[in-house]
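Read the structure below first, then the notes.
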Amino acid sequence: PVDTAASPGVLEATTLPPAETTRRARFMRGSRMNPDRRTRSIMSVVIVMGLCCFFYILGAWQKSGTGRGDSIALRVTKETDCTILPNLHFETHHSMGGVNPLIMNNKVFKPCHIRYRDYTPCQDQNRAMTFPRENMTYRERHCPAENEKLHCLIPAPKGYVTPFAWPKSREYVPYANAPYKSLTVEKAVQNWIQHQGDVFHFPGGGTMFPNGASSYIDELASVIPLADGTIRTALDTGCGVVASWGAYLMDRNILTMSFAPRDSHEAQVQFALERGVPAVIGVLGTMKLPYPSRSFDMAHCSRCLIPWKSNDGMYMMEVDRVLRPGGYWILSGPPINWKKYYKTWQRSKQDSEEEQNRIENIAEMLCWNKIYEKEDTVIWQKKANSNACHNKNG
């Protein structure tokens, strides 16, 4: 408040509060400075636009070929042209009798007759029966001579369609892809395979696991560490018809290679392949398996009918070769639990006991430790340091 009586018509500057005086001073100073700031901003924009135009014109000039940079590069290229070296060429030095290796001649093969739809050249049944049966020689690969080769493409079954995607393919296969019903009758009570309309259904059963492959694998998992990554690869020897053991191990991130001979079961390996399970036609015979040593973490035989005691344990030695140190071998079925089943197998008590004892002795010779035996299943584990097994020397 100003005392207007004491100083009529005069407002003293000292009557304003200090804060208000400071605010007004800053406002007036800022108003005087704003024109310069705006001028500098305009100049910056003009400079940037000028530089952009300059470099655009410079780039266009150089790209036109008249620029000095391009002329220098062109001169250097001409001076280093490889054509000045007349002895340098890039033609092949290999001779093919005058044939130009760069021109590929595609050879076209005609389809074979439909009667050859199940023909496997190196696994032909008619040729196999001409070889001796000792040591499963007749079940091994016997490829045709040159004059017996057909030189045609094996036709697919009539109505063949693209297989189902995994995991549906594990349980269903189009009937047209492998049109054979005999197994649905022969193995009906074992839950192997069922014919349902235009598809085959694979419930996951088997001779040695009537409750399904999953429950059988659960039993194995109580002994073998299947869940921690220790077991990554497995070998199913004599995988039967449908390779369900390998199919259900995929749920546990274990890749299984299955093999079985081409026998009276029609298209038995073909069923496995149509399901999306790795499988090959093969047998334990006179030749080694086509796998490097120590390839598998686990090997399996479920009623595979391989004569393990024969040939002084040669087949078990082959399993030992492909098993890594610390790996597991599972034997399920004859002759295990012979006391209960020898009459069902129509074998004598003495023969069944002798066969199991012989297998036990070979396993001991290989320094395998028997870690599990229950009902029809026995599990052995190979020693981690198998080189220290001196029993093999004999």
Side-chain angles (χ1 to χ4, degrees), residues 115-150 154 180 182-183 186 207 234-243 245-246 256-273 278-296 299-323 329-335 345-347 351-352 354-356 358-359 361-363 365-366 392 394:
R115 69 174 179 270
Y116 290 106
R117 66 180 183 180
D118 293 325
Y119 177 71
T120 307
C122 298
Q123 298 286 347
D124 182 40
Q125 285 289 88
N126 296 329
R127 185 182 302 104
M129 299 309 294
T130 64
F131 289 85
R133 292 177 174 262
E134 288 79 16
N135 299 327
M136 299 295 288
T137 302
Y138 75 113
R139 294 296 187 199
E140 295 179 326
R141 287 173 55 87
H142 301 289
C143 297
E146 186 64 32
N147 60 346
E148 297 179 7
K149 293 180 181 179
L150 298 179
I154 304 299
Y180 306 103
S182 60
L183 285 170
E186 182 181 347
T207 305
L235 179 68
D236 195 4
T237 58
C239 63
V241 179
V242 296
W245 188 71
T256 304
M257 172 57 72
S258 303
F259 72 84
R262 178 156 189 161
D263 55 16
S264 58
H265 292 150
E266 296 172 306
Q268 74 170 350
V269 170
Q270 187 66 25
F271 278 127
L273 296 176
V280 293
I281 299 175
V283 66
L284 277 172
T286 62
M287 295 183 288
K288 291 183 177 182
L289 295 173
Y291 309 112
S293 300
R294 303 181 176 186
S295 297
F296 299 96
H300 175 254
C301 165
S302 174
R303 200 178 178 86
C304 59
L305 304 181
I306 295 175
W308 297 110
K309 70 170 186 176
S310 302
N311 299 318
D312 297 324
M314 180 175 67
Y315 304 136
M316 292 180 64
M317 292 180 196
E318 180 64 1
V319 171
D320 181 78
R321 182 185 70 84
V322 298
L323 268 183
W329 185 53
I330 305 158
L331 178 60
S332 179
W345 301 333
Q346 297 180 353
R347 296 178 58 182
D351 287 345
S352 301
E354 179 187 354
E355 182 178 1
Q356 179 160 349
R358 180 63 179 151
I359 292 175
N361 292 336
I362 297 172
M365 182 269 293
L366 294 171
K392 293 182 183 180

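Here the structure is a predicted model, which is why all the values come from computation and not from measurement.
- Taking both residues in full, the closest heavy atoms of Met129 and Arg133 are given as CE-NH2, 2.7 Å, listed atom of the first, atom of the second, then distance.
- In this structure, the side chain of Glu318 does not engage the main chain of Leu284 through any donor-acceptor pair within 3.5 Å.
- Looking at heavy atoms from C-beta onward, Pro144 lies out of side-chain contact with Asp124 at the 4.5 angstrom threshold.
- Shown here for Ala243 and Ala272, the closest heavy-atom pair between the two residues is CB-CB, 3.8 Å.
- Heavy atoms from other residues, nucleotides or ligands lying under 6.0 Å from CG of Asn361 number more than 12.
- A heavy-atom distance below 4.5 Å is found between the side chains of Trp245 and Ile330.
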Please test Glu134 against Thr286 for side-chain contact (heavy atoms from CB on, under 4.5 Å), starting from the C-alpha separation and ending with a verdict. CA-CA 9 Å; Glu134 288 79 16; Thr286 62; over 6 Å; no
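- Lys288 NZ to Arg321 CZ: the interatomic distance, rounded to the nearest 0.5 Å, is 5.5 Å.
- What you find for Arg127 and Glu148 is that their closest heavy atoms are NH2-OE1, 3.3 Å.
- Put simply, OH on Tyr119 and CG on Leu150 are 4.5 Å apart, with the number rounded to the nearest 0.5 Å.
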### Query
Yes or no on side-chain contact (heavy atoms from CB on, under 4.5 Å) for Leu235 and Leu289, after CA distance, side-chain angles and deciding distance?
CA-CA 11 Å; Leu235 179 68; Leu289 295 173; 3.9 Å; yes
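- Taking every heavy atom of both residues into account, Asn135 and Tyr315 meet most closely at CA-OH, 3.6 Å.
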Original post:
Is there a side-chain contact (heavy atoms from CB on, under 4.5 Å) between Tyr180 and Gln270 once you walk through the steps?
Top reply: CA-CA 11 Å; Tyr180 306 103; Gln270 187 66 25; over 6 Å; no
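- The two residues Ile362 and Gly313 make their nearest non-hydrogen contact at CD1-CA, 3.4 Å.
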Sequence neighbours left out, cut at 3.5 Å: what donor-acceptor pairs do the side chains of residues 299-307 make with other protein atoms?
unit_1 : atom_1 : unit_2 : atom_2 : d
His300 : ND1    : Asp236 : OD1    : 3.0
His300 : NE2    : Tyr216 : OH     : 2.9

| query | side-chain contact (heavy atoms from CB on, under 4.5 Å) between Trp329 and Met316: does it pass, once the steps are laid out? | reply | CA-CA 10 Å; Trp329 185 53; Met316 292 180 64; 3.8 Å; yes
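- Distance check: Thr137 OG1 to Phe131 CZ gives 9.0 Å after rounding to the nearest 0.5 Å.
- Other residues, nucleotides and ligands contribute over 12 non-hydrogen atoms within 6.0 Å of the CZ atom of Arg117.
- Residues Ser352 and Arg347 approach most closely at OG-CB, 3.7 Å, considering heavy atoms.
- For the atom pair CD (Gln125) and CZ (Arg139), the distance works out to 5.5 Å, reported to the nearest 0.5 Å.
- In terms of modelled atom types and a separation under 3.5 Å, the side chain of Arg358 and the main chain of Ser310 share no donor-acceptor contact.
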